[in-house]
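Report on the following structure.
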Amino acid sequence: MENFDVIVVGGGPAGLSAAISAAKAGMKTIVIERGNYPGTKNVMGGILYTKPTNMVVPDFWKEAPIERPIIEQRIAMLSGDQCVMASHRDPAWTTEPNAHSVLRVKFDRWLSQQAEKAGVMIIPETIVEDLLYRGDQVAGVRTGRGEGDLGAKIVIIAEGVNNFLAVKAGLAKPLHPHNVAVAVKEIITLPKEKIEDRFCLEEGQGATIELYGDSTAGIMGTGFIYTNKESISIGVGTLLQPLIQQKWTPNDLLEHFKAKPYVKRLLQGGETKEYLAHLIPEGGYTNLPKLYRQGVMVVGDTAMLMNSLNREGSNLAMISGMSAGEVAAQAISAGDTSEQMLAAYERKLRDSFVLKDLHHYRHMSKFFENNPHMLKIYPEIINHAAGMYLTVDGVPKKQRQKEILRMAFKRRSIPGIMKDIYGAWRALL
Amino acid sequence: MKLDDKLYLVRFNTDKLSHIKIKDPSFCFNNCQDRVCTRVCPAHVYDWDEEEKRIAVGYEGCLECGTCLAACTDKNIDWHYPRGGFGVSWKNG
Ligand SMILES: Cc1cc2nc3c(=O)[nH]c(=O)nc-3n(C[C@H](O)[C@H](O)[C@H](O)COP(=O)(O)OP(=O)(O)OC[C@H]3O[C@@H](n4cnc5c(N)ncnc54)[C@H](O)[C@@H]3O)c2cc1C
Ligand code: SF4
Ligand code: SF4
């Protein structure tokens with residue numbers, strides 16, 4: 001059996017970041033990936049954040065296959081054909097970028113090439129089927145190939161949201177409709193001038209739009225539209241449980257979103273090139289798996305590190321991967337891969353924004369699960385209120401304001417609104 | 001756009017072996033009211049066959065998302081990844 005210092009399962013952002021940091025610290029490191037090459041099995045919206053990615057590959061954005069630097073981000077509430085929107089724009093983010101749109105097949109492949117430059121060996125088209133143990137200590141992996149056992153001092157599980165290995169290892173629980181969202185997305189091509197005109201962008205700049213409310217038929221989740229170089233990424237993602245209850249199919253929900261007047265106009269004349277589907281972990285802080293035990297650590301989506309509210313997942317994946325890679329190198333150099341030693345990994349995440357943010361939003365999923373009306377009633381009230389306020393028909397403004405309040409309280413009682421504000425406050429602030 | 005036309009755009013390297021099996025087909029008929037697998041799968045891999053009284057599985061169109069596994073809370077779906085190098089292979093991601 002061939003032996004390595006570190007075996008990483010999965011060549012997504014979490015696994016590749018882990019491998020890069022372990023290899024840079026001198027560890028003999030391999031990444032096992034089930035796709036033809038890293039990226040071919042991976043899907044995201046996808047907005048990639050500059051600072052966290054810079055920590056893994058400094059100044060990556062100057063040469064990596066990225067699509068557009070994001071200079072404008074819009075958030076909208078949809079109700080029927082109506083839409084209320086807020087946005088932030090800063091053209092300075094063109095040259096001092098904060099985030100870029102990316103296509104994961106290209107980006108992950110490039111990141112895997114950076115890993116190779118750092119000395120990592122990538123083994124594609126290979127599935128890890130189980131972990132190997134020596135007593136309680138994880139000691140390697142069993143792959144789907146003949147003579148496929150490989151030994152390691154430390155295994156890092158970066159298998160993504162489908163946590164089969166983490167479950168087998170007794171670290172995580174199987175996914176449940178309450179703690180995952182299902183997302184479907186399309187890539188729709190458009191000439192770059194059209195994209196820039198429709199989204200009010202200078203050449204090369206990018207924009208994002210997240211739409212809540214009727215974009216997902218009021219189901220907890222979002223519709224998103226991101227600009228790529230010569231295509232648009234458009235998709236919807238919702239929690240699985242309410243999707244099941246409300247009997248939608250993911251594709252029908254995406255078509256419902258695409259048919260909204262505001263959305264339709266942005267896509268007009270475009271051609272769909274690809275249809276994609278993926279899960280998103282939504283368990284949050286209260287459903288974190290065990291992050292480590294003797295000889296093994298869990299990173300990225302497998303560790304449920306996702307902050308959907310701020311659309312942050314890839315960054316949590318990369319930072320957690322990097323931290324695990326560093327801890328692996330320290331433990332191996334010290335000749336001690338015990339559980340106690342690997343606890344340093346969890347401490348790193350707790351000291352950083354990764355677990356601080358998840359802890360901060362720990363009440364969020366329960367709140368929205370227990371209050372499924374939030375994304376139904378409020379987009380309606382807000383759109384209706386805006387429509388009434390902007391209607392010019394000779395009604396004095398004071399009277400109109402009273403009418404607006406009456407309309408709102410008819411849809412949701414005063415105590416109901418107070419309760420919602422308190423709940424949302426507690427969940428989000 | 002119809003789902004079938006969308007799936008036609010997806011690149012697959014289809015394995016001859018199916019990677020999906022219903023563990024107990026009679027359970028779907030006798031005990032499962034909602035048959036959520038027929039709705040939640042983004043690729044409509046599962047279809048209720050009224051004549052055969054069982055779920056028909058079109059594994060070739062599977063996008064490997066894992067939704068069906070989470071959704072079938074009776075755990076009646078035996079699903080594993082297609083062999084290394086087989087299955088869906090995204091062009092953009
Ligand atoms: C629709 C959608 C939109 C999103 N939008 C954003 C966004 O805009 N910004 C953002 O930051 N995040 C976003 N996310 C979240 C982000 O995609 C994830 O958090 C991130 O990809 C997690 O990285 P990972 O490396 O943990 O997992 P993955 O990227 O899923 O990588 C896992 C890898 O492991 C491989 N693998 C799995 N099992 C095995 C095995 N047994 N053997 C070998 N290889 C295996 C897979 O092929 C894959 O390459 C989005 C997610 C979705 C689904
Ligand atoms: S959801 Fe599960 S039990 Fe129900 S029909 Fe589908 S496979 Fe059978
Ligand atoms: S993994 Fe996804 S695409 Fe494949 S059968 Fe299950 S739900 Fe359908």
Side-chain angles (χ1 to χ4, degrees), chain A residues 32-36 39-44 46 102-108 123-127 129 143-145 160-164 174-180 182-187 228 231 233 240-241 243-244 247-252 254-255 258 272-279, chain B residues 1-15 17 19-20 32-48 58-59 61-93:
Chain A
I32 304 178
E33 165 58 45
R34 68 188 189 89
N36 302 102
T40 59
K41 299 285 187 184
N42 300 344
V43 179
M44 82 174 188
V102 296
L103 296 169
R104 286 284 302 276
V105 173
K106 290 187 212 165
F107 180 78
D108 288 12
I123 305 181
E125 298 193 351
T126 306
I127 295 181
E129 289 174 349
T143 73
R145 290 174 182 262
V161 55
N162 283 301
N163 55 1
F164 304 128
L175 300 178
H176 190 274
H178 291 283
N179 60 23
V180 285
V182 53
V184 286
K185 146 177 167 173
E186 279 177 39
I187 301 282
N228 303 316
S231 66
S233 290
L240 184 52
Q241 182 66 23
L243 187 85
I244 291 173
K247 301 199 185 300
W248 277 90
T249 77
N251 183 52
D252 287 347
L254 178 55
E255 289 299 318
K258 282 167 64 191
T272 300
K273 289 289 179 189
E274 192 165 34
Y275 170 72
L276 310 99
H278 207 280
L279 288 179
Chain B
M1 195 172 180
K2 290 219 187 66
L3 180 60
D4 281 347
D5 296 331
K6 291 188 189 182
L7 292 171
Y8 190 70
L9 302 169
V10 179
R11 184 170 67 190
F12 292 103
N13 181 12
T14 308
D15 198 345
L17 305 168
H19 62 287
I20 310 174
C32 185
Q33 301 283 310
D34 198 20
R35 298 189 189 125
V36 290
C37 60
T38 61
R39 291 200 310 274
V40 296
C41 169
H44 198 74
V45 163
Y46 304 93
D47 203 17
W48 180 248
Y59 77 93
C62 173
L63 304 174
E64 297 164 36
C65 63
T67 309
C68 53
L69 286 170
C72 175
T73 43
D74 293 307
K75 301 283 163 234
N76 200 25
I77 301 177
D78 179 2
W79 191 106
H80 54 84
Y81 286 124
R83 287 184 293 158
F86 286 97
V88 71
S89 181
W90 303 119
K91 293 177 279 189
N92 297 285

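Residue numbers begin at 1 in each chain, while the letters A, B, ... track the order of the sequences. Computed from a prediction, not measured in an experiment: that's the story for all the values here.
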Inset, instruction - Name the member of G66(B), S89(B), C65(B), P82(B) that forms the most heavy-atom pairs with chain A at distances under 4.5 Å. - result: C65(B)

Inset, instruction - Work out which heavy atom in G93(B) is nearest to a heavy atom in L103(A); give both atom names and the distance. - result: O-CD2, 4.0 Å

Inset, instruction - Name the region of N162(A), side chain, backbone, both or neither, that has any atom closer than 4.5 Å to a heavy atom of chain B. - result: both

Legend entry - V40(B) portion near chain A, given a 4.5 angstrom heavy-atom threshold: both

Legend entry - Ion pair E255(A)/K2(B), N-O distance below 4.0 Å: no

Inset, instruction - Let me know if E186(A) has heavy atoms under 4.5 Å from chain B in its side chain, its backbone, both or neither. - result: side chain

Legend entry - Leading residue by heavy atom contact count with chain B [cutoff under 4.5 Å; candidates T126(A), I187(A), D108(A)]: I187(A)

Legend entry - Most chain B-contacting option - heavy-atom pairs closer than 4.5 Å, from V105(A), V161(A), N179(A): V105(A)

Inset, instruction - Among the options V184(A), V182(A), I244(A), pick out the one with the most heavy-atom pairs lying under 4.5 Å from chain B. - result: I244(A)

Inset, instruction - Heavy-atom distances under 4.5 Å only: say whether T67(B) touches chain A with side chain, backbone, both or neither. - result: both

Legend entry - Proximal component of L240(A), with respect to chain B [non-hydrogen, under 4.5 Å]: side chain

Inset, instruction - Would you check if the side chain of K106(A) reaches a backbone N or O of K91(B) as a donor-acceptor pair within less than 3.5 Å? - result: no

Inset, instruction - Would you sort out whether W79(B) and F164(A) count as a side chain to side chain contact (heavy atoms under 4.5 Å, CB included), showing the intermediate values? - result: CA-CA 11 Å; W79(B) 191 106; F164(A) 304 128; 4.0 Å; yes

Legend entry - Shortest non-hydrogen contact from I127(A) toward G84(B): CD1-N, 3.7 Å

Inset, instruction - State the CD-CZ distance between E274(A) and R11(B), to the nearest 0.5 angstrom. - result: 8.0 Å

Inset, instruction - Check each atom of F86(B) against the heavy atoms of chain A and say whether the ones under 4.5 Å are side chain, backbone, both or neither. - result: backbone

Legend entry - Working for side chain to side chain contact (heavy atoms under 4.5 Å, CB included), residues L254(A) and K6(B): CA-CA 12 Å; L254(A) 178 55; K6(B) 291 188 189 182; 4.0 Å; yes

Inset, instruction - Examine whether an atom of T272(A) lies under 4.5 Å from a heavy atom of chain B, and if so say whether it belongs to the side chain, the backbone or both; otherwise answer neither. - result: both

Inset, instruction - Any chance you could measure E129(A), atom CD, to H80(B), atom NE2, to the nearest 0.5 Å? - result: 9.0 Å

Inset, instruction - State whether a side-chain donor-acceptor pair under 3.5 Å links N92(B) with K273(A). - result: no

Inset, instruction - Any chance you could measure L279(A), atom CG, to E64(B), atom CD, to the nearest 0.5 Å? - result: 12.0 Å

Legend entry - Contacting moiety of D34(B), where chain A heavy atoms sit under 4.5 Å: side chain

Inset, instruction - Please look at V88(B) and chain A and tell me whether the side chain, the backbone, both or neither of the residue comes under 4.5 angstrom of a heavy atom of that chain. - result: both

Legend entry - chain B contact via K247(A) - side chain, backbone, both or neither, heavy atoms under 4.5 Å: both

Legend entry - Interatomic distance, W90(B) atom CH2 to N42(A) atom CG [nearest 0.5 angstrom]: 10.5 Å

Legend entry - Whether Y275(A) side chain and D5(B) backbone form a donor-acceptor pair below 3.5 Å: no

Inset, instruction - Look at K185(A), K41(A), Q241(A) and state which one has the largest set of heavy-atom pairs under 4.5 Å with chain B. - result: K41(A)

Inset, instruction - Can you see which heavy atom on A70(B) is nearest to which on P177(A), and at what distance? - result: O-CD, 3.1 Å

Inset, instruction - For chain A, find which of A71(B), G85(B), C41(B), A43(B) contributes the most heavy-atom pairs closer than 4.5 angstrom. - result: G85(B)

Inset, instruction - Measure the NE2-CG distance between H176(A) and L69(B) for me, rounded to the nearest 0.5 Å. - result: 13.0 Å

